[in-house]
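What follows is a set of notes on a single structure, which appears directly below.
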Amino acid sequence: MKDDMDQKDLTNKELDKVTGGGIADQFAGIPMSELIGGPLKAARGAQEALTRSTAEFIERAGMKTRDMDDKQ
């Protein structure tokens, strides 16, 4: 219990001194567009691949569209 009582909360100023600046400053060199955009682009690419794969499967499985049914 004594250890808990000896600790104190740091003020923002003290915290900035310990961490080397504000929280925003710590993220200054990180390329946010790549960190956020990269996974979004990957998800889009995966969705496109899934769509292509689904269309190819439907074509191979021989499913007919309404237009093809009308012509036959």
Side-chain angles (χ1 to χ4, degrees):
M1 270 308 205
K2 185 167 176 22
D3 289 336
D4 290 337
M5 295 178 72
D6 289 341
Q7 294 179 357
K8 69 170 192 160
D9 292 333
L10 295 176
T11 65
N12 286 339
K13 195 173 197 176
E14 291 170 326
L15 188 59
D16 285 349
K17 189 174 182 181
V18 171
T19 60
I23 297 294
D25 295 337
Q26 293 181 22
F27 293 100
I30 297 176
M32 289 296 181
S33 62
E34 291 178 26
L35 288 176
I36 295 169
L40 290 174
K41 289 177 184 175
R44 183 195 68 205
Q47 184 63 45
E48 289 174 354
L50 177 62
T51 302
R52 265 189 250 106
S53 178
T54 302
E56 289 171 7
F57 171 77
I58 291 171
E59 287 177 9
R60 279 196 316 267
M63 297 188 142
K64 298 177 182 178
T65 64
R66 188 170 286 167
D67 290 339
M68 289 178 68
D69 289 339
D70 293 341
K71 290 180 183 177
Q72 293 179 350

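Because only heavy atoms are used, hydrogens play no part in the values below, and waters and symmetry mates are left out as well, while side chains stay in. Computed from a predicted model, the values in this text were never measured in an experiment.
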dist Leu35:CG -> Leu40:CG (nearest 0.5 Å) comes out at 11.5 Å
Residues at least two apart in sequence or cross-chain that pass side-chain contact (heavy atoms from CB on, under 4.5 Å) with Ser33, listed by chain then number, are none
Side-chain donor-acceptor pairs of residues 41-53 under 3.5 Å, sequence neighbours excluded:
residue	atom	partner	partner atom	Å
Thr51	OG1	Gln47	O	2.9

